[in-house]
Amino acid sequence: MIKLSLQKRLHSAQGILNLEVDMDIAEGEFVTLFGKSGTGKTTLLRMLAGLAVPDAGRIEVHGETWYDSALGINLPPQRRRVGLVFQDYALFPNMTVRQNLEYAMKDPKARGRVEEILEVAHLGQLASRRPGTLSGGQKQRVALARALVSDPGILLLDEPLSALDQELRMKLQGEIAEIQKRYRLATILVSHDLGEIFRLSQRVMCLEDGRIHRTGKPGDVFGGGGMSNKIQLTGVVLEIKAADVVLVLTILVGNEVVRVTSLPQDAEGMRVGDKVFIAAKAFNPMVFKADTAPRAG
Amino acid sequence: MVNLDWEPIWLTLKLAAITTAILIVLSVPISWWLAYTPSRLRLPMRAMVSMPLVLPPSVLGFYLLLAFSPVYGPGRFLKEHFDVSLAFSFPGLVLGSLLFSLPFMVNPLVAGFESLPASFSEASYVLGKSRLQTLRHVLLPNLRPALLSGAILSFAHTMGEFGVVLMVGGKIPGVTKVASIAIFDEVESLRFASAHVYALVLFSISFAILLTLFYVNKKMLKPF
């Protein structure tokens with residue numbers, strides 16, 4: 001069980017932000033932090049890892065107090081059992097893949113674990129390569145593998161797949177899910193990618209203006225909840241154009257661009273860049289295998 | 001061919017080698033501190049270290065000579081307690097060269113430390129490693145190009161110094177008379193031929209060193 005209750009005043013690009021977060025995470029649970037940039041998601045991970053100091057609060061991980069402002073406890077990062085995957089991976093260029101993993105060993109006898117993780121993360125072939133010669137996806141795997149070597153009590157992933165293309169993301173999401181289940185690690189993921197969130201997380205927390213506004217299963221939080229529609233997509237408005245009495249909205253859903261019409265009163269207050277739901281009620285969509293059917297349109 | 005005294009050349013190379021070796025050891029902790037300290041003294045200290053870049057060498061030499069003087073201050077302390085006098089001695093020359101070449105070693109290193117992403121150190125700390133372990137296994141190995149170019153520049157710069165050496169060391173043959181001073185000496189005595197030889201040797205070595213620096217930089221920067 002991981003319990004945290006943290007407060008910190010942040011100086012962000014938008015001005016001063018009071019980050020105030022309370023959350024509990026169960027053993028083996030996969031939680032995603034979702035929210036715009038500058039809402040303190042990365043800072044929250046950094047406070048957990050001991051790289052940033054909160055103004056006040058408490059962090060308790062598996063019965064161990066890592067931080068308590070009232071008791072004056074603040075364990076240094078070295079003594080918190082955290083696996084942190086940085087956005088830029090932070091692989092050490094002077095070490096090979098295997099050496100990067102071995103560096104993370106707390107116990108020199110843990111060499112077996114390094115070999116096991118190299119296998120699990122499909123890095124066996126790359127073990128003697130240096131990070132400079134690896135592709136983005138391979139680097140990401142090494143970073144995740146290295147974070148696992150030290151047998152952490154919690155895994156923190158700071159937008160680990162943001163630098164990769166869609167196809168590779170999907171593949172690595174599968175691998176992350178597999179590894180997380182295998183080691184039953186409580187995990188906090190910071191992500192903007194709805195697909196990723198649905199695929200990986202059991203619970204999502206929406207951070208807005210420094211507070212958690214909504215929390216729940218991804219389907220409940222993003223699904224709109226309770227509507228009896230048959231199909232529902234989430235997208236981002238790319239363009240709003242008037243055509244006679246209706247508006248034509250161009251919306252990006254995943255990697256596909258969709259055009260739909262909308263009544264002016266429905267689209268009131270909608271702007272380019274807004275996140276929207278596209279819901280269609282009571283209809284029978286045709287579903288084909290992508291490689292056989294002609295594309296609709 | 002002139003019957004040349006090679007002593008000054010050897011002395012120059014010895015001085016440069018010793019100075020560079022000590023500077024490498026000394027500059028790592030100094031640069032590490034200068035690059036990461038949150039202290040207010042950071043910028044004044046950086047300015048202090050860089051002073052030899054802008055100061056006339058004679059100014060530095062003059063102050064050093066005062067400090068070495070057995071009549072007062074640190075020189076007197078050394079004389080009274082250890083019976084050591086640094087003025088006009090080879091160790092005094094080394095000390096002067098250390099100060100004079102310090103920025104050539106420290107500045108590339110500080111720039112090197114600052115160019116490494118903060119996430120390197122942070123990742124290392126999160127993996128349970130101390131600051132010292134991080135310096136040794138993560139930071140320094142990735143600073144090899146900076147260390148090497150600092151060492152080469154310090155060596156070359158020490159070879160070329162004149163003002164400090166003359167002020168602090170004088171020109172005692174075999175003790176403090178380095179090549180740059182020997183040239184001056186030969187010219188003063190109108191022995192242009194041997195001055196030419198000294199000058200040519202210094203020119204060639206300096207050129208070779210700088211050329212090495214550029215090749216090394218080109219090669220070492222590749223894998224990163």
Side-chain angles (χ1 to χ4, degrees), chain A residues 42 45-52 66 75-96 99-108 110 114 129-134 139 142-160, chain B residues 24-25 27-29 31-33 35-40 105 108-152 215-224:
Chain A
T42 296
L45 293 195
R46 291 175 61 83
M47 289 193 289
L48 259 163
L51 297 171
W66 286 0
L75 292 191
Q78 286 90 343
R79 292 184 48 208
R80 303 181 181 205
R81 288 173 40 243
V82 162
L84 175 57
V85 175
F86 287 81
Q87 220 168 336
D88 66 357
Y89 311 133
L91 301 176
F92 307 133
N94 56 308
M95 302 179 196
T96 62
Q99 286 167 340
N100 262 281
L101 265 62
E102 283 171 351
Y103 185 70
M105 290 190 305
K106 295 239 160 77
D107 180 357
V114 168
R129 297 257 295 268
R130 277 177 203 270
T133 67
L134 301 179
K139 283 185 194 163
V142 179
L144 179 64
R146 190 179 65 181
L148 293 171
V149 168
S150 57
D151 190 19
I154 183 168
L155 184 62
L156 307 175
L157 308 170
D158 189 2
E159 302 193 39
Chain B
I24 291 176
V25 179
S27 298
V28 168
S31 321
W32 190 36
W33 185 83
Y36 296 123
T37 180
S39 162
R40 272 161 202 246
M105 190 73 215
L109 272 183
V110 172
F113 275 118
E114 284 173 345
S115 73
L116 294 180
S119 62
F120 280 11
S121 305
E122 291 176 349
S124 177
Y125 299 158
V126 172
L127 294 173
K129 305 298 172 190
S130 69
R131 284 163 60 84
L132 223 56
Q133 284 171 316
T134 303
L135 175 70
R136 187 161 167 248
H137 298 289
V138 176
L139 303 180
L140 281 183
N142 289 306
L143 285 178
R144 260 176 305 175
L147 262 171
L148 207 66
S149 64
I152 291 173
Y215 273 117
V216 160
N217 267 345
K218 201 176 150 196
K219 249 194 145 154
M220 288 202 62
L221 288 176
K222 253 186 202 158
F224 291 96

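Note that the structure is a prediction, hence the values are computed from the model and not measured. Chain letters run A, B, ... following the sequence lines, proteins first, then strands; residues in each count from 1. Values reported hereafter were calculated over all heavy atoms of this structure, with side chains retained and with hydrogens, waters and symmetry mates removed.
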**Message:** Would you say CZ of A/Arg129 has more than 12 non-hydrogen atoms from neighbouring residues, nucleotides or ligands within 6.0 angstrom?
**Reply:** yes

**Prompt:** Where does B/Ser121 contact chain A at under 4.5 Å (heavy atoms): side chain, backbone, both or neither?
**Reply:** neither

**Item:** Which atom of A/Gln78 lies closest to which atom of B/Gly128, heavy atoms considered
**Value:** CG-C, 3.6 Å

**Message:** Can you give me the closest heavy-atom contact between A/Tyr103 and B/Val138, atom names plus distance?
**Reply:** OH-CG2, 3.5 Å

**Backbone of B/His137 reached by a side-chain donor or acceptor of A/Asn94 within 3.5 Å** = yes

**Message:** Nearest 0.5 Å, please: how far is CZ in A/Phe92 from OG1 in B/Thr134?
**Reply:** 7.5 Å

**Item:** Toward chain B, the part of A/Met105 with a non-hydrogen atom under 4.5 Å
**Value:** backbone

**Request:** Against chain B, work out which of A/Arg46, A/Arg79, A/Gln87, A/Arg80 has the most heavy-atom pairs shorter than 4.5 Å and name it.
**Result:** A/Arg46

